Amino acid sequence: MSYENGGPLVQGLIVVGSCLDSTVKVPLDVYIKLLDRTPREEYGDFGFPLGRFIRGDLSSIVDSISECVSRNVDFIILTTEKGFMNIRVLEDRLGSELLNYVGKGWVIDAPKVNPNEAKRIVIEHTSANPVHPLHIGHARNASLGDSLSRMLKARGHIVIRRYYVNDVGRQMAVVALGLRILGISPNELASRLNMKIDHAIGWVYAITHTSIDYVSANNRGNINEAEKLASILAKLRERGDSKLADYIINSILSIDNPEALLSEIMARYEYGLEPEKSLIMSIAKAVIEGFNMTLSRIGVAFDYIDWESSIVWSGLVANVLEAIKQSKYITKYKDTLALDIMSIVRDKIGDDESLREVFKIPKGFDIPPMVLVRSDGTTLYWTRDIAYSIFKFRDSNADIVINVISGEQRLPQLQIRLALLGLGLVREAHNMIHYDYEIVRLPGRVMSGRRGEYVSLDEILDEAKARALQEILARNTSIDMSLAESIAEKIAVGAIRFSLVQPGALKPIVFDVEKILNFEENTGPYLQYTYARAHNILEKHGPIDYRLVDPTAYKDRERRSLLIHTLMYPLISAKAIDELRPEDIASYLLKLADIFNRWYQRDSVIHEQNIGFREAKALLVKLVRDALSSGLTLLGVPVLERM
RNA sequence: GGGCCCGUAGCUCAGCCAGGAUAGAGCGCCGGCCUCCUAAGCCGGCGGUCGGGGGUUCAAAUCCCCCCGGGCCCGCCA
């Protein structure tokens, strides 16, 4: 970890840490982890539970740490109480030090790691199957993945963003069947239905899939299930073109064994045969185009779009299979070629507690061999994903690969890492991170692309935008309409992205439109508004003359607290980035906005008569604005100068 | 049956990994504040057996064990 360029306060706190290390051998990173704000003002500003490391009386130790600190910084005083070493900041001296920094052109921001600590990091995220529009669940994935990308990049790492198109497999075969029945191109379909292309494909996918399931439910004699599916079909029919719907449904009903047909389409595509090849690629490309329109609205972009098919067709999958066949972990399972995961675990991990922790092996872990090749000779998703995982390391020469994938896939992700281990790819296995998050659910049910049950991201964006526009027009009677719309769009994006990134990734989110459309406190728009306020003050104030700043202005209780909280930004953001925790940046920004808004209410900047104080306050506002701007940008929340 | 994630105020969540100082926000509800840098704001009030029980510890929301509730995963699906 490195916090150079963290500004005066962070530098001061680091000095305390170094002195702590040299005096009582508490490593810097432990100190950073445990350092916290004090719960009560009289304890000082920051507390460190030194009593956890040292038994007995702390005062003499703190005295010697204090002596060490005072040789390097003049704005920090150490005290001790109730097992804590407390740090008190002398605000006016901190202010003077701040002036030295800004005088040298320092701007508050997330500090970069040392160049020799910079890593090449691949982030694979979103990767939604191109068979239906992006829904709010994909938006959580995209928001997390994109925020992580922005964060790591800001920290000085080299980030490569990749989107994996799962075009080989059953889901694509289903849409392909639907479109083949209709005999029209994706574009013709979209114009016929008068829908955005991904929505049009999603509709065909849901109808086709549900029809197929209807047939198999009937074949199994499951009447209840069949009735349920029939009523879903009726609803889907209403939402699109009833003639097209009937045509698909009736065609599927006339097929004896739709499953066999799907398997054939899948196999032919995997072998790169026409006409399946052109058909499926044209569908996937069309839908991805639709995704891109939506993703670019929310500020998400990729460096590479990786096609699963090209991983297969280029021979990478065959190579991996060959390598596995040569290994001792290959086995037969129900007559198929399979990988004996448990024997890899026994061999490579055994009872090594730290390895079990690295790979998060559940206790009592016991799974059957992982089937790699179906009896018809086609591969399974995870077989291809092993090849793709290796590809991600090789193609980008990556040190770390982060896969943003929902928690449902914990087991397959673990199996893939273990497979890498079995192939002797130890470095890759250790450095592939499954960044897991819980899915977004609708109240009382799970979203389902198969049944056309989802709230699309496009709809939510439009709805949020309409709501924002309404608010803007109510506040600004004479605003230009196109300006109002562009602001509304940014508010919508800010509201959605913030709401998806603010809760910890492992918190299940139950989707609630009203919650996303709420623009008040604890939301993205609240932060955007706070930024606009700060920006506005600086606009009216004009350039700050640092020579006139009187640091004693920071002796005021609220200004002092705002100054200290703001100057913590570099440390908070660096820590959040290193720990891959965007939610920590979110809660920090909310707290910052709270303190700023409270202060804003009763201490005017531009009406301040004392020039030294006015410039000191303006400098404070600038710090707040820059910290907000940096943090919001990391989270992908657009910054607005006017609302 | 086995495993994983979650359970903190009426609702949504932070704090738990790295145990300590009076458990923090927001929404909602009640009551106030716009001749004064944007009221998407601010101030005040109501509201908590930290799912339950045991254990470890000077100290447990935090660590360990058991139980309960919600979700997910254990497929020749992805």
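As the structure is a computational prediction, the values presented were derived from the model and not from experiment. A note on names: the letters A, B, ... follow the listed sequences, proteins ahead of strands, and every chain is numbered from 1.
Between A/Tyr31 and A/Phe53, the ring centre distance reaches or exceeds 6.0 Å. Aromatic ring centres of A/Tyr43 and A/Phe84 lie farther apart than the 6.0 Å criterion allows.
Contact between the side-chain N/O atoms of A/Arg581 and the OP1/OP2 oxygens of B/C17 is not found at any separation under 4.0 Å. Considering only side-chain N and O atoms, A/Tyr437 lies nowhere under 4.0 angstrom from the phosphate OP1 or OP2 of B/G71. Residue A/Arg374 places at least one side-chain N or O closer than 4.0 Å to OP1 or OP2 of B/C77. Between A/Arg410 and B/G3 there is no side-chain N or O to OP1 or OP2 distance below 4.0 Å. Applying the 4.0 Å criterion to OP1 and OP2 of B/G24, one finds that A/Arg37 has every side-chain N and O outside that range. Contact annotation: A/Arg52 does not reach the phosphate of B/A18 (side-chain N/O to OP1 or OP2, under 4.0 Å).
Taking the syn range as angles within 90° of 0, the glycosidic angle of B/C34 is syn.
Closest to the side chain of A/Arg533, out of B/C37, B/A25, B/A39, is B/A39. For A/Pro503, whose side chain is taken as the heavy atoms from C-beta onward, the closest listed nucleotide among B/C13, B/A78, B/G75 is B/C13. The side chain of A/Gln171 has B/A78 as its nearest neighbour among B/C42, B/C37, B/A78. Taking only side-chain atoms of A/His607, from C-beta outward, the nucleotide of B/C36, B/A21, B/A78 with the closest atom is B/C36. Nearest to the side chain of A/Tyr333, among B/C76, B/C37, B/C27, sits B/C76. Comparing B/C42, B/C76, B/A39 against the side chain of A/Tyr529 picks out B/A39 as the nearest. Each of B/C6, B/C4, B/G26 was ranked by its minimum atom distance to the side chain of A/Lys507; first place goes to B/C6. Among the nucleotides B/C77, B/C74, B/C27, the one closest to the side chain of A/Leu380 is B/C77. Looking at the side chain of A/Glu521, the nearest of the listed nucleotides B/G26, B/C77, B/A39 is B/G26.
Backbone-only contact: A/Leu411 has heavy atoms under 4.0 Å from sugar-phosphate atoms and none from a base. Contact annotation for A/Ile472: base contact, defined as any heavy-atom pair under 4.0 Å involving a base atom. Contacts of A/Arg467 with the nucleic acid, taken as non-hydrogen atoms under 4.0 Å apart, are absent. Using a 4.0 Å heavy-atom cutoff across all strands shown, A/Leu538 reaches no nucleic acid atom at all. Heavy atoms of A/Asn86 sit under 4.0 angstrom from at least one base atom. A/Pro39 comes within contact range of at least one nucleobase, with a heavy-atom separation under 4.0 Å. A/Tyr600 comes within contact range of at least one nucleobase, with a heavy-atom separation under 4.0 Å. A/Glu641 comes within contact range of at least one nucleobase, with a heavy-atom separation under 4.0 Å. At the heavy-atom level, A/Ser587 lies nowhere under 4.0 Å from the strands shown.
Across the strands present, B/G75 finds no partner; the criterion is a Watson-Crick or G-U wobble pair with both atom distances under 3.5 angstrom. If you check B/A9 for Watson-Crick or wobble pairing at under 3.5 angstrom, you find it has no partner at all. Of the nucleotides present, B/G20 is the one that pairs with B/C58 by Watson-Crick or G-U wobble criteria, both distances under 3.5 Å. Across all strands shown, B/U49 remains unpaired; no Watson-Crick or G-U wobble contact has both distances below 3.5 Å.
Here the P atom of nucleotide B/G19 and the CG atom of A/Asp36 are 13 Å apart, to the nearest Å. If you take CG of A/Leu34 and P of B/C16, they are 11 Å apart, rounded to a whole angstrom. A/Tyr526 has its OH atom 22 Å from the P atom of B/U12, to the nearest Å. For A/Ile572 and B/G15, the CD1 to P distance is 13 Å, given to the nearest whole Å. Distance, A/Glu357 CD to B/A18 C1': 12 Å, rounded to whole Å. Taking atom OH of A/Tyr531 as the reference point, atom P of B/G41 lies 19 Å away to the nearest angstrom. Distance CG (A/Asn518) to P (B/G26): 12 Å, rounded to an integer number of Å. Rounded to whole Å, the distance from CD on A/Gln601 to P on B/C34 is 11 Å.
Inspection of the A/Asn166 and A/Gln171 side chains reveals no N or O donor paired with an N or O acceptor under 3.5 Å. Looking at A/Asp594 and A/Tyr526, their side chains do bring a donor and an acceptor atom within 3.5 Å of each other. Side-chain contact check for A/Asp335 and A/Ser375: no donor-acceptor pair (N or O, by modelled atom type) lies under 3.5 Å.
A/Lys515 has no carboxylate O lying under 4.0 Å from a charged side-chain N of A/Asp512, or vice versa, which leaves the two without a salt bridge. The pair A/Lys392-A/Asp306 does not count as a salt bridge, with every side-chain nitrogen at least 4.0 angstrom from each carboxylate oxygen. Under a 4.0 Å N-O distance rule, the pair A/Glu270/A/Arg170 does not qualify as a salt bridge. Between A/Lys622 and A/Glu615 there is no salt bridge, since no side-chain nitrogen of the basic residue lies less than 4.0 Å from a carboxylate oxygen of the acidic one.
When each of A/Ile324, A/Thr379, A/Thr331, A/Val320 is paired with A/Leu372, the side chain to side chain contact (heavy atoms under 4.5 Å, CB included) condition holds for A/Ile324 and for no other.
Side-chain contact check for A/Tyr381 versus A/Glu308: some heavy-atom pair is nearer than 4.5 Å. In this structure, A/Tyr269 and A/Asp167 have side chains that are in contact, with non-hydrogen atoms separated by less than 4.5 Å.
Residue A/Gly504 is the one, among A/Gly504 and A/Pro49, whose nearest nucleotide of RNA chain B lies closer to the 5' end (criterion: closest heavy atom). Nucleotides of RNA chain B nearest to A/Gln502 and A/Val371 differ in position, and the one nearer the 5' end is that of A/Gln502.
Stacking between A/Tyr43 and B/A21 is present: the aromatic ring centre lies within less than 5.5 angstrom of the base six-membered ring centre, and the two planes differ by under 30 degrees. Remark: ring of A/Phe84 overlaps the six-membered base ring of B/A21 in a stacked fashion, centroids less than 5.5 Å apart, planes less than 30° apart.
With hydrogens and angles ignored, no donor-acceptor pair closer than 3.5 Å exists between the side chain of A/Ser604 and the base of B/C36.
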N/O-N/O pairs, protein side and nucleotides 62-66 of chain B side, under 3.5 Å:
none

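Taking atom P in both B/G75 and B/U8, one finds a spacing of 32 Å when rounded to whole Å. For the C1' atoms, the distance linking B/G26 with B/A14 amounts to 11 Å, nearest Å. For B/A23 and B/C27, the P atoms lie 22 Å apart once the distance is rounded to whole Å.
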